[in-house]
Trainee: 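Here's a structure for you.
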Protein chains: 2
Amino acid sequence: MQMPKPRITDVAQVAGVSTATVSRALTQPDRLSEKTRQRVFDAIRTTGYRVNRAARNLRTQRAGAVLVLVPNLGNPFFSLILSSINDVFAANGYSVLVFDSQQPSAPDQVVSDYLFNGSADGVITLDGHMSATMGETLKNADLLRNVVFCCEWSDKLLLPSIRSDNPLGARLAVDHLVALGHRKIAHVTGPSDNILARVRRSVFEDRCAHHGLSIAPDWIIPGDFTLSCGARAAERLIALADRPTAVFCASDEIALSLISRAQQAGLRVPEDLSVVGFDDIEIAGHVSPALTTIRQDRALLGRMAAEELLGRLQSDPSPHAVPISFAPVELITRSTTAPPPGR
Amino acid sequence: MQMPKPRITDVAQVAGVSTATVSRALTQPDRLSEKTRQRVFDAIRTTGYRVNRAARNLRTQRAGAVLVLVPNLGNPFFSLILSSINDVFAANGYSVLVFDSQQPSAPDQVVSDYLFNGSADGVITLDGHMSATMGETLKNADLLRNVVFCCEWSDKLLLPSIRSDNPLGARLAVDHLVALGHRKIAHVTGPSDNILARVRRSVFEDRCAHHGLSIAPDWIIPGDFTLSCGARAAERLIALADRPTAVFCASDEIALSLISRAQQAGLRVPEDLSVVGFDDIEIAGHVSPALTTIRQDRALLGRMAAEELLGRLQSDPSPHAVPISFAPVELITRSTTAPPPGR
DNA sequence: GTTTGAAATGTAATCGATTACACAGTGCGG
DNA sequence: CCGCACTGTGTAATCGATTACATTTCAAAC
């Protein structure tokens, strides 16, 4: 009852041609005469033939797949990026492999595994943790040009990188609060080993200094981008004797849960406390009060990264340029920011 | 400067054994003597050898990868499931391919592509849309046993399915509202072609009937699980002459944006309007008021589905059982539900 | 010291495509 | 009518592993 899968020779037989011709019909149809091309396609249809991917990959030494390394797949910030990466590659005949880099195995390990054993032709990593030694290893195998960073990146390893203009984002946030009249601004950071968290924090500090604002040590609250750290930050903020009138949060999730906890403690947002987030995740506009935040164009980030990698996979010559592209960010003013109390 | 990738023959040469022995060292190490096994592993280390996946796949007729079909990758509800699926397969040496089934190509098409051309050994689909004819096609190739549904499922196609106990969830929601004293309950549905939406709606109706509540046609508001439809639903609700005192929403995202819009219109939640969601996405507990909802254990769903598929891929005999497993759901009572006004 | 069976290893066929190279057919200019 | 360039197609080598089958090694039993 169960037919064996048709192979290329079966198609060739049915069409009355050689396997080479069938193969050419599939990969370079214009090299065949109209007549045989039709015959082959008919035969493919009647046999129900599908190219065996493993055989093709072995012969052509390509995988037809790319790996996306995602730190925390459960985070909605990443999943939209993944989605647009998927769109680009699907449209170009590539499969997309995902790997959650929070897994025990280090990102380094995963990237080299997939690249070296030929499971993937290239890698987009949303995780900036990659060591310089891994870079060396990849370079020696001439695989370095098949890796691009998206969103995060590493200072230790120069690779093409698509990222939001984080400095601008942080500046917009601070300037917005200052323009409203705030002089005491707090900051909830991301994880200290995260490049985005470091950039946002350092620009926050610089920009405060630029405006002549001093920052009490208590006002910089270490966090990790998550909801739960936002709630904790709110508690610390509330307990402060000299309480800031505004907070710049390193992520929307921090901001949202911080607001929620602050409200539960009787603080009004934005009347008593202004809050600015970062990312503009979808829900930010659908809570009340709606979150003022810095928009990152996640779909664009994913698309740009995918197209950069695609270009590298398809262009044979090895252009040794290492482009860094900045996706625009934008201040989205909603309802969680207002002038400080008593103005 | 650039060494060619070492192949199995290179390892064999270095170790002074045949390729068969090297291969066995990799796949069935206990069939080798301690001494040669060590020699082979040493040689692997010194050469930096990695198994070529395409070659292995071609020879063994397996892909070592599974496909996860996700309707809307950007939706955080799915991405956490994806994450736990990824964990299970990563731990068992499988790669995970993802595909967003919102892509132009129909789910059917994608599944058959990946399975037939040997890109994937199995499929977990979070998308319940699959035709009976596709089922036939797969059955004919004996590939049907390598597909499992997770979360969603199809009535037209009997396949192993891991799902939350949706009827219980809807019942818990309605009963909770009724217990608080509500007699006029609205429902915002998911897309009408979605199996989950249909089940939740029909249980909602049944359960209201069971409690002797009548439902005005206006009180069933068609939605699509998204944030924006929640806002629209709020507007319709507010405009109603005979307004319900409670709403059961088919998803948390609907509930959250509905609440937000209702609050903007001056309605108090839960005093004027009680709201119950469905899913218990992470943010549900981190907004104010915190959302009362039906918890689905997404990590468990993903894990169960992954383990079911894994079992099927690893067990040769074809057990023709088609298990349907229900993951438990739970009412999480938070702060968006209260007795109706005037009680 | 054989015999014998199990354990360890080797030889070579095989998976299913792609593609270098060879060859046949066709049309054109001289 | 021949040679030449070009187009279209076929033959067979090849990608890099796995594994059926053959062969060697070895220890225990006689």
Side-chain angles (χ1 to χ4, degrees), chain A residues 3-41 43-44 47-65 93 113 115-119 121 141 316, chain B residues 3-41 43-44 47-65 93 113 115-119 121 141 316:
Chain A
M3 301 254 291
K5 280 193 200 166
R7 290 157 309 162
I8 199 170
T9 51
D10 301 321
V11 178
Q13 212 140 40
V14 170
V17 298
S18 74
T19 62
T21 300
V22 176
S23 179
R24 282 190 277 257
L26 259 20
T27 55
Q28 14 187 352
D30 23 325
R31 298 190 75 80
L32 297 189
S33 75
E34 172 66 23
K35 205 179 56 182
T36 43
R37 197 189 317 143
Q38 273 314 321
R39 277 235 302 281
V40 172
F41 283 136
I44 288 178
T47 53
Y49 170 75
R50 315 297 282 263
V51 180
N52 179 312
R53 227 55 194 227
R56 168 179 286 181
N57 292 349
L58 173 58
R59 184 58 233 240
T60 60
Q61 303 284 51
R62 300 174 352 98
D113 269 358
L115 245 28
F116 280 116
N117 72 23
S119 299
D121 297 322
D316 277 310
Chain B
M3 302 256 292
K5 282 193 198 165
R7 289 157 310 162
I8 199 170
T9 52
D10 301 322
V11 178
Q13 212 140 40
V14 171
V17 299
S18 73
T19 62
T21 301
V22 177
S23 179
R24 280 190 279 258
L26 259 20
T27 55
Q28 16 187 352
D30 23 326
R31 297 190 76 80
L32 296 190
S33 76
E34 172 67 24
K35 205 180 54 180
T36 43
R37 197 188 319 143
Q38 274 314 320
R39 277 235 304 280
V40 172
F41 283 136
I44 288 178
T47 54
Y49 171 74
R50 317 298 283 262
V51 180
N52 179 314
R53 228 54 195 225
R56 168 179 285 181
N57 291 349
L58 173 59
R59 184 59 233 240
T60 60
Q61 305 283 52
R62 300 173 353 96
D113 269 358
L115 245 27
F116 279 116
N117 72 24
S119 298
D121 296 323
D316 277 310

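Residue numbering restarts at 1 for every chain, and letters A, B, ... go by the order of the sequence lines. Because only heavy atoms are used, hydrogens play no part in the values below, and waters and symmetry mates are left out as well, while side chains stay in.
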Trainee: Just the rounded figure in Å: distance from P of D:dG10 to CD of A:Q13.
Mentor: 13 Å
Trainee: Supply the atom-to-atom distance B:Q61 CD to B:D121 CG, rounded to the nearest 0.5 angstrom.
Mentor: 10.5 Å
Trainee: Whole-Å distance between C:dA8 P and B:R39 CZ?
Mentor: 14 Å
Trainee: Any side-chain N or O of A:T21 below 4.0 angstrom from OP1/OP2 of D:dG10?
Mentor: yes
Trainee: Hey, does A:V22 reach any base, or is it just sugar-phosphate, or nothing, if we go heavy atoms under 4.0 Å?
Mentor: nothing
Trainee: Please check: side-chain N/O of A:R53 versus main-chain N/O of B:N117, any donor-acceptor pairing under 3.5 Å?
Mentor: no
Trainee: For DNA chain C, find the residues of residues 49-59 of chain B with a heavy-atom distance under 4.0 Å and give them by number; none if there aren't any.
Mentor: B:L58, B:R59
Trainee: Quick one: on DNA chain D, does B:S23 or A:S18 contact a more 5' nucleotide (nearest heavy atom)?
Mentor: A:S18
Trainee: Using the side-chain heavy atoms of A:T19, tell me which of these nucleotides is nearest: D:dG10, D:dT18, C:dT18.
Mentor: C:dT18
Trainee: Return the minimal non-hydrogen interatomic distance between B:P6 and B:Y49, and the atom names on each side.
Mentor: O-CD1, 3.4 Å
Trainee: Supply the atom-to-atom distance B:S18 OG to B:R24 CZ, rounded to the nearest 0.5 angstrom.
Mentor: 6.0 Å
Trainee: Heavy atoms only: give me the nearest A:S119-A:A65 pair and the separation to one decimal.
Mentor: O-CB, 3.8 Å
Trainee: Using a heavy-atom distance cut-off of less than 4.0 Å, which residues of residues 28-37 of chain B contact DNA chain D?
Mentor: none
Trainee: Please state how far atom CD1 in A:I8 lies from atom P in C:dT19, giving the value in whole angstrom units.
Mentor: 11 Å
Trainee: Grab the CZ-P distance between B:R24 and C:dT11 for me, whole Å please.
Mentor: 11 Å
Trainee: For residues B:N57 and A:A54, report the shortest heavy-atom separation together with the two atoms involved.
Mentor: CB-CB, 3.8 Å
Trainee: To the nearest Å, how far apart are B:K5 NZ and D:dC15 P?
Mentor: 14 Å
Trainee: Less than 4.0 angstrom from a charged side-chain N to a carboxylate O is my criterion; do A:R37 and A:D30 meet it?
Mentor: no
Trainee: Taking only side-chain N and O atoms of A:Q61, does any of them lie within less than 4.0 angstrom of OP1 or OP2 on D:dG16?
Mentor: yes
Trainee: What's the spacing between B:R56 CZ and B:S23 OG if we round to 0.5 Å?
Mentor: 7.5 Å
Trainee: Measure the shortest side-chain to side-chain distance between B:D113 and A:R50 over non-hydrogen atoms and say whether it is less than 4.5 angstrom.
Mentor: yes
Trainee: Output the rounded distance in Å from CG (A:N117) to C1' (D:dC15).
Mentor: 16 Å
